[in-house]
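See below for the structure under consideration.
Each residue takes its place number in the sequence, starting with 1.
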Amino acid sequence: MVGADIESAGLHVSECIGRDVASQLDLEEALESSRYTSHPYSSHPKEWPPLFEVSGKRELPPVLIERYNVSGGEGTALCGIFPEIRRAWASVDNSLFLWRLDEWWVLPNAFKFGAVDPIVDMVVDNERHILYARTEEMKLRVYDLGIDGDGPLKRIAEEQNFLDPKDTQYGGRRSLGSRASNQVVKPSVVLIAPLSIMESKWLHLVIVLSDGRRLYLSTSSPAGGNSGSVGSLNGPSNIHQRPCCLKIVATRPSPPLGIGSGLAFGSLSMAGRLQNEDLSLKVEAGYYSAGTLILSDSSPAAMSSLVVVNRDSSTHSSYPGNIGMGASSHALRETVSSLPIEGRMLSVADVLPSADVVAMVNSLYSDKESCMYGSIGGSWEKALGKLWAKGDLPNQHILPRRKIVVFSTMGMMEVVFNRPVDILRRLLESNGPRSLLEDFFNRFGAGEAAAMCLMLAAKLVDVEENLISNTVSEKAAEAFEDPRLVGMPRLEDTRAVSSTATTPGNFSMGQVVQEAEPVFSGAHEGLCLCTSRLLIPIWELPIMIIKGEVGSETQNRDRVIVCRLSVVAMQVLETKVRALEQFIRSRKNQKRGLYGCVAGLGDITDLILFRSDSDMGVGDQSMGRKLHGSYARTTDLGDSSYKRQRLPYSPAELAAMEVMAMDCLRRLLRRSSEALFLLQHLSQHHVTRLIQGLDTELHQKLVELTFHQFVCSEEGDQLATRLISGLVEYYIGPDGRGTVDDISAKLQEGCPSYFNESDYKYFLAVECLERAASSLDPEVKENLARDAFKFLTKIPNTVDLTSVCKRFEDLRYYEAVVRLPLQKAQAFDSIDAHRGQDALAQRQQCFEIIANALRNLKGEVGSSMRYTSSGSVLDQASRDRYICQIVQLSVQWPDKAFHEYLYREMIEMGLENELLEYGGSDLVPFLQAAGCEHVQEVHAGTTEGSMPSLIGHSEGSSHSNSFKYLGLLARYYVLKRQHILAAKILLRLAERHSSEGHNPTLEQRFQYLSNAVVQAKAASNSSTVNSSVANCNEWLDVIESKLAVLRFQMKIKEELEAMALRLGDSSDINDTPSSDPFPQGSLVADADLAMTAKNKAKELSLDLKGITQLYNDYAVPFELWEICLEMLNFANYSGDADSNFVRETWARLLDQALSRGGIAEACAVLRRVGSLLYPGDGVFLPLDTLCLQLEKAALERSISGVELVGDEIIARVLIAACKGAAEPVLRIYDQLLSNGAILPSPSLRLRLLHSVLVVLQEWAMSELAHKMGTTGTGASLVLGRTLTQRAVINQGVRDKLANAANRYMTEVRRLSLPQSQTEDVYQGFKELEEKLLIPSSF
């Protein structure tokens, strides 16, 4: 876990780095600011050690001097230096000499040179790919080499007038002599040099004139009106803009000479100079590199001198030694010094440090500069140049002293530049007066000076001659802790801002007082500067990079991930960071400085940390403000006119605050050094190999992770854990080189915050798991897995369970797979409130590990075939056994939240059977709560013997999965033989409203109700208590009624769907001839009716409807009379005594059938419906009405010829409607025939008599079939012929039938119809009577 102190210190370091980077001004801006100063130069204090000194001299090679003397001094001689190979060269006429800088070693050669107005100087800007050339006639030309430097040479511009239009006086400044010559000599160009992008993005070239003035030029035109300033270019993108012109942007006056300026440069002074002598510089040659200018001045008559001009590193501008500097801190200020030189300077070059130093610096800084300023590329020499251009202060902890070699006519001279820290070291070594040290602190500022003291005290600075002595180190430490030099922490002054707002009653709102913020001492600032400058090369850059070409087709798995820094660079940086931390820690342990001041304050640190939490809130940002300032306390002292501050912090409290802030930085330094140590070990063992087990997402996170995040964030800590895991696994793997103890000792010593005792136990467990995986003995395998489990149970909170539990899963040791995640999840229960959501998410991750194990066994992840650790296939029986083990272990853990998660996941996986069989005691409450909030009410009502109503219970809205939970609850009750509870849940499922998240079909609802009926019957049969039996029977009646109503609903839905389909098809056929004079209106009506039917059918498919709603809203409007009759019968309708309503419904049904298919259709309807309603109480099957309506319709249709209707069809249909009972039909016919008012027509009476004949025959055949044990068809055959066997009908029935036949023969004779029409009916009755009277016939 990364502490809030480290996070806070990391944020503060980021702020310090940002301020340090922002302080690096562009040269163009600094030059523009310096135009408004009287003189932008300063002198180096005489009492201080010099800024530079000669470290060695060497004469020219004798062979070179001899060759020059041979030419008589009239030959053409050129010379130069190759710093990259540490060689010097010279040419005399056609001879070339090359030798090492530190010894003679000459290589002669011959060249010839010559041209008209030749080019005498050429320089190349390798960053911008621009070539500059200077001719002998002082013409300056610009050439474009292409955007990548490999294009054809293209001439852009040529310039010869080097007068700055902004400079009103040619030459930039007057000669200081009183007798200066009135004739102005035009200066010549002695040097052209490109400016690096680090120095300026807008200025590209500097020209040095013979009078010492400098001209700064640009090759880009201004974008918009900015008075010609190139500062108006649009940001860093102009780096890649191509040159288009050459123009002067700024002019720098020549360095000063003379006593009038108050300067004295080394041994060169104005003493002895003639008054009429020109006091301006006479520059013969020059050299410019990374902000340092070397001029060869020949103005003194006696001896030439080197004038060295470089940036002044001091931070305070207003100081007595600074000449004429204004208040602007942005103005360019340079220090001027001089050194006498024998002969005339010919060439100058930088001496590069050793190859090891250069390689280390390049590794640390080259990528950083590329990221900040674009992919500018270049060699490591350029990386050094960029760092030199930034000045001494930001880089003196890492770069050695800068050296140059001067090639003169008298020999070679090496000059070394002292950094500010070298001057401080010399001051401490010299035992000079204290005023010199105070002067140093005043000049550089307390913070910068304290930072340099830290560098010396912690021995961070490399010194070429010898190591920093302990005496100097101790003196530097004392200066760092001296409050007279670095100051003490304080509260900055505040000023009240008056408020003029008053109320109408002259009530003053008082004054608003700005909050006072603590200002820490220079010691704290120095530590911040030292820390930020050590870490700036790596802080906000990624720790890893992908080694491969950008945009290549190489897959990510084939690309190599390596550390961005070299091992050597990280080792150097770690040494310095660790040395700084150890120094601060030693002062803390010795109670030196402020640590001694707060040593006796007791718990004042806690007082500071938590004193104002109620005012500011709790959090990492508030802690950062407390540790690093920016807060104050206010209170109301009772004066309504003023809002005053609370009493300020005491000096002891401020000291404690600074001590805590410094200690946070110390812990950050320690964490950073450990991170560098860890990265070195990772780099030495090939990062790509160590992370091969990580997924693509983690690979991406790793290459995007900055060092800041690696040190200060939880994500960085987690990735470090994964990397350490890979490192240790490599050590203990088959290709490794040791054991856990070997690598653990190194990591615990070098990076204990990344690898502690819990990590040691973790990797001991990993080692056991590795051995278990390679073992073939099942007993050894299990014992090793058990040992690993014991190690991990001691540290469950710090374990990466994803990978560990996967190992246990492969070993089939599921106790660890279940227990370890649950132990870790239990630890998150105690997380404080403001991180509650994070704790829940982490618990969820723990639970997912167990769920994934179940998924793997179920076969949902990867291949459906699972293998054991030995490679054999895991059979289904083993899968089931392991699933059972996981579930049983899980339900034993007392965590309700986990149980709910487990139950839901098992349901999603399809493990319902296992859940119902092995679920815990809380399974039923879970299913009840998840399924419906009212299920518990049902359960409570059952225990009391009551029957709560669940019909139509659809209020509220539940999740769609709750439907599944209710189904499982019903299955659970069935499995446990709790039949009545299962029936109620099934009834709830069937009645579930569509708005509750699930919409079952009517068929599914029908199945639920059918199963509910089965369960209710089972409950009734299994109950032994009378009250329970009655309750079960009551529920059974309710459920069966629901099932019957659902049948009606399904039937109506089918009818409506068929109607919609039929009407829809008929409306599409619009070409059929029709007798309707307005057929289009009929088609429209049919289409509307079809749509209405379709919509109503859709309504019926959603939810269950009541029988009244079905009748009134669906059956009657759509004239579904058949279903209406069935519903009336089911509801036992008794609305009127005469049953007129039922008779009217029957009449509508028969009329509808007659219109659709005539008598045949009507008879079919009567046969189908009547058999359903018979016998009843006769109300719902009015045979008299039905018989009369059908007989009349049959007669009318026969007479009209519309339909050929048989004489027997009506009677037979009536008998079928009565389920084969002829007697009720005969009784109805008797009633109709006895009422002459009903049958006034003889033809109708004859038809009824014919039907009576059919009824009598059917009755006789029915009786005969009953006696013979045959069917009615067999009986009709017997009745139609003489029988040989004896068949006896019941004597009473036979007499009744015979009397009825005789009576109806008489009725036939009475009809006033021709005998030809009545003869067949008469003969039928006669034959029937005869057969009935003859005993042998039956």
*Taking all heavy atoms of Lys781 and all of Ala772, pick out the closest pair and write down the distance.*
NZ-O, 2.9 Å
*With sequence neighbours left out, write down each residue that passes side-chain contact (heavy atoms from CB on, under 4.5 Å) with Val974, or none if nothing qualifies.*
Ala982, Gln1015
*Would you mind reporting whether Gln823 and Trp893 have side-chain heavy atoms less than 4.5 Å apart?*
yes
*Identify, with sequence neighbours excluded, every residue that meets salt bridge (charged side-chain N to carboxylate O under 4.0 Å, His left out) alongside Lys1094.*
none
*Any side-chain donor near an acceptor of the partner, Asp875 and Ser878, under 3.5 Å*: yes
*Just by modelled atom types, is the Arg1167 backbone N or O under 3.5 Å from a matching donor or acceptor in the Ser1171 side chain?*
yes
*Might you point out which heavy atoms bring Pro821 and Leu801 nearest each other, and give the distance in Å?*
CA-CD1, 3.5 Å
*Between the main-chain N or O of Leu1125 and the side-chain N or O of Asn1129, is there a donor-acceptor pair closer than 3.5 Å?*
no
_side chain to side chain contact (heavy atoms under 4.5 Å, CB included) between Leu923 and Tyr972, intermediate numbers included_ = CA-CA 9 Å; Leu923 176 59; Tyr972 178 84; 4.3 Å; yes
*Mark yes when over 12 heavy atoms from residues, nucleotides or ligands other than Lys1219 sit less than 6.0 Å from its NZ; otherwise mark no.*
yes
*Just how far is it from atom CD1 of Ile883 to atom CG of Leu915, taken to the nearest 0.5 Å?*
12.0 Å
*For Phe926, which residues count as a ring pair (Phe, Tyr, Trp, His ring centres under 6.0 Å) partner, sequence neighbours excluded?*
Tyr903, Tyr965
*Side-chain heavy atoms of Leu966 within contact of Leu927, under 4.5 Å*: no
*Are Leu1166 and Trp1146 close enough that some pair of their side-chain heavy atoms sits under 4.5 Å apart?*
yes
*Check salt bridge (charged side-chain N to carboxylate O under 4.0 Å, His left out) between Glu1099 and all other residues, then give those that pass, not counting sequence neighbours.*
Lys1096
*How long is the gap from CD on Gln1007 to CG on Leu989, to the nearest 0.5 Å?*
12.0 Å
*What's the spacing between Leu1046 CG and Glu991 CD if we round to 0.5 Å?*
10.5 Å
*Tell me, please, which residues at least two apart from Phe1048 pass ring pair (Phe, Tyr, Trp, His ring centres under 6.0 Å).*
Phe1130
*If you round to the nearest 0.5 Å, how far is CG of Leu1056 from CG of Leu1120?*
6.0 Å
*asked:* One pair to check against side chain to side chain contact (heavy atoms under 4.5 Å, CB included): Val804 and Tyr762. What are the steps and the verdict?
replied: CA-CA 9 Å; Val804 169; Tyr762 166 74; 3.2 Å; yes
*Search all heavy atoms of Leu1181 against all heavy atoms of Ala1217 and return the closest pair with its distance.*
CD2-O, 4.0 Å
*Point-to-point distance, once rounded to the nearest 0.5 Å, from CD of Gln718 to OG1 of Thr721*: 7.5 Å
*Pairs meeting criterion ring pair (Phe, Tyr, Trp, His ring centres under 6.0 Å) with involvement of residues 1098-1124, two or more places apart*: none
*asked:* With salt bridge (charged side-chain N to carboxylate O under 4.0 Å, His left out) as the rule and sequence neighbours excluded, what pairs involving residues 910-920 come up?
replied: none
*asked:* To the closest 0.5 Å, what do you measure between CD (Glu809) and SG (Cys805)?
replied: 8.5 Å
*Output yes when a side-chain donor or acceptor of Gln700 lies under 3.5 Å from a complementary backbone atom of Glu697, and no otherwise.*
no
*asked:* Does any part of the side chain of Lys701, heavy atoms only, come nearer than 4.5 Å to the side chain of Leu698, both counted from C-beta?
replied: yes
*Please check if any side-chain donor atom of Arg812 sits under 3.5 Å from a side-chain acceptor atom of Tyr814, or the reverse.*
yes
*Does some side-chain heavy atom of Lys1042 sit less than 4.5 Å from a side-chain heavy atom of Val1045?*
no
*Taking side-chain contact (heavy atoms from CB on, under 4.5 Å) as the test, write out the residues that go with Tyr813, two or more places apart.*
Glu782, Ala785, Arg786, Phe789, Phe808, Glu815, Ala816
*Would a 4.5 Å heavy-atom cut-off, applied to side chains only, mark Met1091 and Leu1063 as touching?*
no
*Could you tell me which residues satisfy side-chain contact (heavy atoms from CB on, under 4.5 Å) with Thr1108, sequence neighbours excluded, listed by chain and number?*
Asn1112
*Any idea which heavy atoms bring Ala930 and Arg904 closest together, and the distance?*
CB-NH2, 4.4 Å
*List the steps, then state whether side-chain hydrogen bond (donor to acceptor under 3.5 Å, both in side chains) holds for Asn852 with Glu848.*
CA-CA 6 Å; Asn852 288 334; Glu848 286 177 358; 5.4 Å; no
*Applying salt bridge (charged side-chain N to carboxylate O under 4.0 Å, His left out), name anything that partners Asp895, two or more places apart in sequence or on another chain.*
Arg843
*Check the pair Glu1057, Arg1062 against side chain to side chain contact (heavy atoms under 4.5 Å, CB included), reporting the backbone distance first and the verdict last.*
CA-CA 9 Å; Glu1057 290 174 344; Arg1062 182 174 64 254; over 6 Å; no
_Contact check, side chains of Leu1009 and Phe1006, non-hydrogen atoms, under 4.5 Å_ = no
*Does Arg1168 CZ have over 12 foreign heavy atoms under 6.0 Å away?*
yes
*asked:* Holding to side-chain contact (heavy atoms from CB on, under 4.5 Å), I want the full list of residues that pass it with Lys1051, two or more places apart in sequence or in another chain.
replied: Glu1122, Ile1123, Glu1126
_Holding to ring pair (Phe, Tyr, Trp, His ring centres under 6.0 Å), I want the full list of residues that pass it with Phe898, two or more places apart in sequence or in another chain._
Phe847
*Quick one: which of Arg1005, Arg992, Lys1053, Lys1098 gives a salt bridge (charged side-chain N to carboxylate O under 4.0 Å, His left out) with Asp1103?*
Arg1005
*Run the side chain to side chain contact (heavy atoms under 4.5 Å, CB included) check on Ile886 and Val817 step by step: do they pass?*
CA-CA 8 Å; Ile886 292 177; Val817 176; 5.5 Å; no
_Under 3.5 Å: donor-acceptor pair, side chain of Gln1049, backbone of Leu1100_ = yes
*Grab the two heavy atoms, one from Tyr1174 and one from Cys1218, that are nearest each other, plus how far apart they are.*
CE2-O, 3.2 Å
*Looking only at heavy atoms, which two atoms of Ala983 and Ala1016 are closest? And how far apart?*
CB-N, 4.0 Å
*Do any N or O atoms from the side chain of Thr1092 and from the backbone of Asp1088 form a donor-acceptor pair under 3.5 angstrom?*
yes
*Under 3.5 Å, is there a donor-acceptor pair between the side chain of Gln842 and the main chain of Ala825?*
no
*asked:* Taking Ser890's backbone N and O only, do any of them form a donor-acceptor pair with His899's side chain (distance below 3.5 Å, no angle check)?
replied: yes
*Note, Leu902 side chain near Leu854 side chain (heavy atom, < 4.5 Å)*: yes
